[in-house]
Amino acid sequence: MGIIERIKEIEAEMARTQKNKATEYHLGQLKAKIAKLRTQLLEPPKGSSGGGDGFEVTKYGHGRVALIGFPSVGKSTLLTMLTGTHSEAASYEFTTLTCIPGVIRYNDTKIQLLDLPGIIEGASEGKGRGRQVIAVAKSSDLVLMVLDASKSEGHRQILTKELEAVGLRLNKRPPQIYFKKKKTGGISFNTTAPLTRIDEKLCYQILHEYKIHNAEVLFREDATVDDFIDVIEGNRKYIKCVYVYNKIDVVGIDDVDRLARQPNSIVISCNLKASSIISLNLDRLLARMWEEMGLVRVYTKPQGQQPDFDEPFVLSSDRGGCTVEDFCNHVHKTLVKDMKYALVWGTSARHYPQHCGLSHRLEDEDVVQIVKKKEREEGGRGRFKTHSNAPARIADREKKAPLKQ
């Protein structure tokens, strides 16, 4: 029996099992088995050279956004309108067969936008090059899930299920669970918060399913069984996602209002031939992308000169951090050791300018001036010298000329 058949068999057993207090331990073990099998499904087959026919492209710009959705929902048209890059669009499905990159220039930054082929149900099992598409999505900073507003709401659940099956967690934060394997000592279980959805016995059973008999576990929040399994696997990717409903020009105003009020959702239309981009709601889409990615522009100010507002340094919490230390490493790796303090102007400063250290967190459009340490002369100067420059031996010293009579 193959891995896919075993997964389907376990899912059928979970569907038959009633959910109550007596069966929660059995369901927890079944969830752990499914997670192990899905991890094996993503691994390359044994004996392969490792190289595949993927379509990964080189990272470019200050952020990466991936377009994911079913075929013929308007991903290629959206890429063309936002970036100007031509991506073939037609009335038949699977027009795009490879990854087509484009660049969005917005707020003095460059954001890479990737048009990926449409995925279908069963993409997590390898159908329709689904694995290659999802692999590119894992390397992105933001996912735009493009949906057809005229289709049923089930498409959103299907795509979310396919992405979660391969380890992508949309709009979630990592669980506050500390887990570390040990060589000896057994399993140490502790918690700092009351647990209502999992207990110590269930954690022991899940760890034994993974053949882990020596580990340290600490729960800092009321987590679920799925959260604990994700921490054990250690290969989950937590990424932000915006649900983009396209083709709103073919549905009623009540449906548009209902879709726009859903969390993490935005409505657009790429088919309207409007003279202004505002009527298409693409400006709101760009603003939402900027907000979700959390990019921070930092301008530099040389000492005694005006700030340089032409080329900002772009920082991000997902790519290194947004502190003064991260800014120094972005400029040059040796600047952290030479820095004495930083002068900051902007919304992150309490007064202008504010003397800040390495741990100060910068905000968008801050101006930073780095003040370096002064190089001290060894031994001091003048009468404060700690040693003489004369030779150590008296015989080597220069003799003064005798005084004239």
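One-based numbering along the sequence shown.
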If I take atom CG from residue Asn190 and atom CZ from residue Arg220, how far apart are they, to the nearest 0.5 angstrom? 11.0 Å
Checking side-chain polar atoms at under 3.5 Å, does [X] have a donor or acceptor matched by the opposite partner on [Y]?
X      : Y      : answer
Tyr106 : Asp283 : no
Glu233 : Thr39  : yes
Asn107 : Thr109 : no

Smallest heavy-atom separation, Val267 atom then Ala260 atom, equals CG1-N, 4.0 Å
For the residue pair Asn214 and Ile187, what are the closest heavy atoms and their distance? N-CG1, 4.3 Å
With sequence neighbours left out, the residues meeting salt bridge (charged side-chain N to carboxylate O under 4.0 Å, His left out) with Glu209 are none
Who passes salt bridge (charged side-chain N to carboxylate O under 4.0 Å, His left out) against Glu221, sequence neighbours left out? Arg173
Check ring pair (Phe, Tyr, Trp, His ring centres under 6.0 Å) between Phe179 and all other residues, then give those that pass, not counting sequence neighbours. none
Suppose the criterion is ring pair (Phe, Tyr, Trp, His ring centres under 6.0 Å): which pairs have a residue in [range], not counting sequence neighbours?
range            : result
residues 213-242 : Phe189-Phe219, His208-His213, Phe219-Phe228
residues 304-339 : Tyr299-Phe309, Phe313-Phe327, Phe313-His330
residues 143-163 : Phe70-His155

Of all residues at least two apart in sequence or in a different chain, which pass the side chain to side chain contact (heavy atoms under 4.5 Å, CB included) check with Gln112? Val57, Tyr60, Arg64, Pro101, Leu114
For residues 313-328, pull every pair meeting side-chain hydrogen bond (donor to acceptor under 3.5 Å, both in side chains), keeping only residues two or more places apart or in separate chains. Asp141-Arg319, Ser317-Arg361, Thr323-Asp326
Quick one: which residue pairs count as a salt bridge (charged side-chain N to carboxylate O under 4.0 Å, His left out) with a foot in residues 297-308, not counting sequence neighbours? Arg297-Asp364, Arg297-Glu365
According to salt bridge (charged side-chain N to carboxylate O under 4.0 Å, His left out), does anything in residues 236-245 pair up with another residue at least two apart or in another chain? List the pairs. Asp230-Arg236
For Asn329 and Val336: C-alpha separation, side-chain torsions, deciding distance, then whether side chain to side chain contact (heavy atoms under 4.5 Å, CB included) applies. CA-CA 7 Å; Asn329 291 327; Val336 176; 3.2 Å; yes
Check residues 285-293 and write down every donor-acceptor pair under 3.5 Å in which the side-chain atom is one partner and the other belongs to a residue at least two apart or another chain.
residue: Arg288; atom: NE; partner: Glu292; partner atom: OE2; Å: 3.1

Who are the side chain to side chain donor-acceptor pair (under 3.5 Å) partners of Asp222, not counting sequence neighbours? Thr196
With a 4.5 Å cut-off on side-chain heavy atoms, are Thr17 and Leu27 touching? yes
Does some side-chain heavy atom of Ile198 sit less than 4.5 Å from a side-chain heavy atom of Cys203? yes
